[in-house]
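Every chain is numbered from 1, with letters handed out A, B, ... down the list of sequences. Keep in mind it's a predicted model, so treat the numbers as computed, not measured.
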Amino acid sequence: MEPHRYRLITREDEIAPLVERLRVAAVIGIDTETTGLDPFQSRLRLLQLALPGEVAIIDCFELTREQLRPLAPLMAAPRPIKVAHNAKFDGKFLRHHLGMVLDGVFDTYLASLLLSAGSETDRHGLEPVVARYLNRSIDKQAQRSDWSGSLTPAQLEYAASDAAILLPLYDVLHEWLGKADLLVTADIEFDCLRAVIGLELNGVHLDVERWRGLIASMRSEQAGVEAELQAALSGAARQFTLFGDPEPINLDSPAQVRDALVHLGIEVDDTREWRLQRLAPDHPIVATLLRHRHLSKNLSAFGDNILEMINPVTGRLHPEYRQIGSPTGRMTSSSPSLQQIPHTTEYRSCFRAPAGCQLIVADYSQIEMRILADFSRDEALLGAFDRGADLHRQTAADMFGLPLDQITQRQREYAKGLNYGLIYGMGAEGLASRLDASVAEATSLIERYFAAYPRVASWLEEAAQRAVDEGKARTASGRLWIFRLDPHDPQQLAALRRVGKNAPIQGTASDIFKRAIRLLEESLQRFNAGQDARIVNAIHDELVVEAATPIAAEVEQLVAQTMIASAREFLTRVEVEVDVVTTDAWLKGK
DNA sequence: TAGAATCGCCAC
DNA sequence: AAACGTGGCGATTCTA
């Protein structure tokens, strides 16, 4: 690639003229080089700003936060558009080290993800994206060089070219997004970047002592369970120690556990939970085994490892978010995944508001069923939400033609199974197993359900057929998922029909949620000036906000109103409900 | 011996 | 009893 014209900026008097040139630009490329990946433990070295034909490279070791402040309004404004590849990374460093909010972004990484529409094989680093959309090759080797010392011409050339390439990349990706009707979805994604940057920087507070106590009590119970199981199962062992004692089996090995059970006369093909559940009533040892599994799982997945992830600088957990974590648009979090902390009081109560703060925990009530009602226009299902009654009880009443107060617990369970199952494309066999009923019973229940909600039936069928015919699905915002499933293969056809039903619903829930995050970030801005309210967790349909106690009540109202306002942008027929509580810990009726 | 594949299970 | 969608992740087992 041809060398880029760049200017290394190390003096304060160079900032104002630079700001003037940037201010009149429609679009600028932006990139950073840092001494590491964690903004709390590494430094921001370079900030590159690309204009057509020119790249300014700011040496952040030479200039103070105060001296760079004139750049801040540009970074936060809608214009110029800041083009970055994975702006979340740059945005975290800008926010933490320079106090700048990054907004008004076009993210080429997110754009590439949207355009690939769920392809698992596409890569989305800058190098493959440039290759795919500009048909050019770039060299990323200098990325991992040492950015903390004196800079070589090669490093500066790399820094400049990485920022410069973003401008032509923007042109091409913008055009492709337009052609694919993805500009609305792209704006949803770009708009919530600022909040996702906040989510990662804010992190969550974990009560370490409480967590340690939880681990300790589980470990001691596990020791007892383990001894009991070894005594019972080792008789089945084929291995013996040098002293003739039975070799203990590895209870974490499904194969060894299966063999041991078979030796005890308990015939099993595998040892998955549902299968062991079936055996537990007749075999106390299996129940104990299940308890061991549970403890073992929790201790390994939610034990000391979580404590090790606490950031030494902030003392908090800072998960990484993949903003487009699935083709439906759902976010995922990792290191740790706060989205899979067990939903029990002992775990959730460890996630607490720090002193002087409260947690506002808010989630959408039945959001996916409401989306289904809105999409299908089914009068009875819409009516169920209008009446505001317990949905599953209402569904049972609709199915069985009974008044609400005559619905039995079992009938409500049936209705609940259907409400949850059908949006996932469940069939009669699946429902039968879930409800512990016969396939005939399940079939008849589904018939009753669809008789009560006929437009739901037709919408689901049309969605399945559309997936088969077109090989793709879209959400309310236009988010696209192109299915890589072969409709000529019976198994893949069935999977295609299931995902065809679910994708528009789950994906629209993502649209609504992400829009809500954006709106809430904006609403909280006036509090954020004082660092008094911040979003600290986001789990598919639930938001957790940490707020200073004096403003918590006001923030609670804001959170609920904002989430409702977002849903209204996408749903026309159905009202959504938000359950919200203000508490000390991450607890609520959900 | 490192990485892939598999089993299994946590969340919404 | 692989057929209920989306994910992350840990332990074991397989494989190059």
Side-chain angles (χ1 to χ4, degrees), chain A residues 118 120 249-258 268-279 289-290 292-306 309 319-322 324-344 347-348 363-369 372 417-436 439 442 446 460 463-464 467 473 475 481 483 485 489-507 509-510 513 537-543 586 590:
Chain A
E120 289 153 19
I249 71 165
N250 182 350
L251 293 169
D252 289 329
S253 163
Q256 290 184 36
V257 168
R258 182 199 57 212
V268 282
D269 298 329
D270 63 63
T271 64
R272 270 173 284 190
E273 191 183 13
W274 67 265
R275 203 188 282 276
L276 297 187
Q277 293 283 9
R278 289 274 192 277
L279 295 167
L289 190 54
L290 279 167
H292 181 270
R293 276 272 173 82
H294 175 77
L295 293 166
S296 177
K297 161 74 184 178
N298 284 0
L299 280 166
S300 64
F302 313 108
D304 293 322
N305 53 339
I306 303 278
M309 294 179 206
E320 282 178 46
Y321 285 84
R322 285 177 60 204
I324 300 176
S326 90
T328 61
R330 274 192 178 185
M331 298 200 288
T332 58
S333 85
S334 56
S335 313
S337 170
L338 291 185
Q339 295 172 336
Q340 56 195 93
I341 301 294
H343 199 97
T344 52
Y347 279 101
R348 298 281 170 117
D363 75 303
Y364 284 111
S365 167
Q366 313 281 5
I367 186 73
E368 294 193 340
M369 282 305 295
L372 177 59
L418 284 156
N419 278 332
Y420 280 123
L422 291 175
I423 54 180
Y424 299 142
M426 186 174 57
E429 292 84 357
L431 181 67
S433 90
R434 191 179 192 84
L435 297 177
D436 205 8
V439 174
I446 291 175
L460 287 170
T475 67
W481 184 355
F483 304 120
L485 289 166
D489 173 301
Q491 288 203 351
Q492 291 188 53
L493 174 66
L496 181 57
R497 289 175 53 83
R498 286 195 300 273
V499 78
K501 294 173 189 174
N502 180 256
I505 298 172
Q506 188 184 116
S510 298
F513 189 64
N537 208 346
I539 316 106
H540 309 313
D541 64 354
E542 175 182 353
L543 284 172
W586 184 18
K590 264 199 66 172

Return the CZ to OG1 distance between A:Arg293 and A:Thr271, rounded to the nearest 0.5 Å. 3.5 Å

Could you write out each protein N or O paired with an N or O of nucleotides 3-8 of chain B at a distance under 3.5 Å?
{"unit_1": "B:dG8", "atom_1": "OP1", "unit_2": "A:Thr271", "atom_2": "N", "d": "3.3"}
{"unit_1": "B:dG8", "atom_1": "OP1", "unit_2": "A:Thr271", "atom_2": "OG1", "d": "2.9"}
{"unit_1": "B:dG8", "atom_1": "OP2", "unit_2": "A:Arg272", "atom_2": "NE", "d": "3.0"}

From C-beta outward on A:Met309, which listed nucleotide comes closest to its side chain: B:dC12, C:dG10, C:dG5? C:dG10

Quick one: A:Tyr424 OH to C:dG5 C1', roughly how many Å, whole number? 6 Å

Please give, in whole Å, the distance from C:dG5 C1' to A:Met369 CE? 14 Å

A:Asp252 side chain to A:Asn250 backbone, donor-acceptor under 3.5 Å: no

CE on A:Met369 to OH on A:Tyr420, rounded to 0.5 Å: 9.5 Å

When you measure from the side chain of A:Ser335 to the backbone of A:Glu320, do you find a donor-acceptor pair of N or O atoms at a distance under 3.5 Å? no

Base, sugar-phosphate alone, or nothing: which one does A:Ser334 contact when heavy atoms must sit under 4.0 Å apart? sugar-phosphate

So CD1 of A:Ile446 and CG of A:Leu422: to nearest 0.5 Å the spacing works out to 6.0 Å

Any donor-acceptor N/O pair, A:Gln339 side chain to A:Ser333 backbone, under 3.5 Å: yes

Taking C:dT13, B:dC12, C:dA2 as options, the one with an atom nearest any side-chain atom of A:Arg275 is C:dA2

Flag side-chain contact, heavy atom, 4.5 Å: A:Phe483 against A:Gln492: no

When the axes are fitted on five pairs at both termini, how much does the helix from B:dT1-C:dA16 to B:dC12-C:dG5 curve, in 10° steps? 10°

Nearest-angstrom distance from the residue atom CG of A:Asn502 to C1' of B:dC12: 11 Å

Nearest to the side chain of A:Gln340 - C:dA2, C:dG8, C:dG5? C:dG8

From CZ of A:Phe302 over to P of C:dA11, roughly how many Å is that when rounded to an integer? 12 Å

Polar atom pairs between nucleotides 14-16 of chain C and protein, under 3.5 Å, N or O only, would you list them?
none

Minimum heavy-atom separation for A:Ser300 to A:Asn305, with atom names? O-ND2, 3.0 Å

Taking every non-hydrogen atom, the tightest pair across A:Gln506 and A:Glu368: CA-OE2, 3.5 Å

Tell me whether A:Arg348 contacts the main-chain N or O of A:Ile341 through its side chain, where contact means a donor paired with an acceptor under 3.5 Å. yes

Spacing of A:Leu460 atom CG relative to C:dG5 atom C1', expressed in whole Å: 12 Å

For A:Gly427, report the nucleic acid contact type (base, sugar-phosphate, nothing); a contact means any heavy atom under 4.0 Å. sugar-phosphate

Earlier contact from the 5' end, DNA chain C, for A:Leu431 and A:Arg322: A:Leu431

In whole angstrom, give the distance that lies between atom CG of A:Leu422 and atom P of C:dG5. 13 Å

Examine C:dT13: is either OP1 or OP2 under 4.0 Å from a nitrogen or oxygen in the side chain of A:Ser253? Give yes or no. yes

When rounded to whole Å, the CD to C1' distance for the pair A:Gln491 and C:dA1 reads 13 Å

With DNA chain C as reference, determine whether A:Gln339 or A:Asp252 sits nearer its 5' end, using the nearest nucleotide of each. A:Gln339

Here the pair of heavy atoms bringing A:Pro336 nearest to A:Ile306 is CB-CD1, 3.6 Å

Working to the nearest 0.5 angstrom, can you tell me the gap between A:Leu496 CG and A:Gln491 CD? 13.5 Å

If you compare every side-chain N and O of A:Thr332 against the phosphate oxygens of C:dG8 (OP1, OP2), does one of them come in below 4.0 Å? yes

Base, sugar-phosphate alone, or nothing: which one does A:Ile341 contact when heavy atoms must sit under 4.0 Å apart? sugar-phosphate

Please classify the nucleic acid contact of A:Arg278 as base, sugar-phosphate, or nothing, using heavy-atom distances under 4.0 Å. base

Is there a side-chain contact between A:Leu338 and A:Ile539 (heavy atoms, below 4.5 Å)? no

Return no unless some side-chain N or O of A:His343 is found under 4.0 Å from OP1 or OP2 of B:dC12. yes

Checking C:dT13, C:dA3, C:dC9 against the side chain of A:Gln256 (C-beta onward), the nearest is C:dT13

The nucleotide from B:dC12, C:dT6, B:dC10 with an atom nearest the side chain of A:Pro327 is C:dT6

Sticking with atom P, work out how far B:dA5 lies from C:dA3, rounded to a whole angstrom. 23 Å

Nearest-nucleotide pick for A:Asn305, side chain only, options being C:dT6, C:dG5, C:dG10: C:dG10

At under 4.0 Å between heavy atoms, what does A:Asp269 touch on the DNA or RNA strands: base, sugar-phosphate, or nothing? nothing

Can you tell me the distance, in whole Å, between the CD atom of A:Glu429 and the P atom of C:dA2? 13 Å

Test item: A:Asp541 side-chain N/O and A:Phe513 main-chain N/O as donor-acceptor pair under 3.5 Å: no

When we call it a touch if two heavy atoms are under 4.0 Å apart, what does A:Glu368 touch: a base, just sugar-phosphate, or nothing? nothing

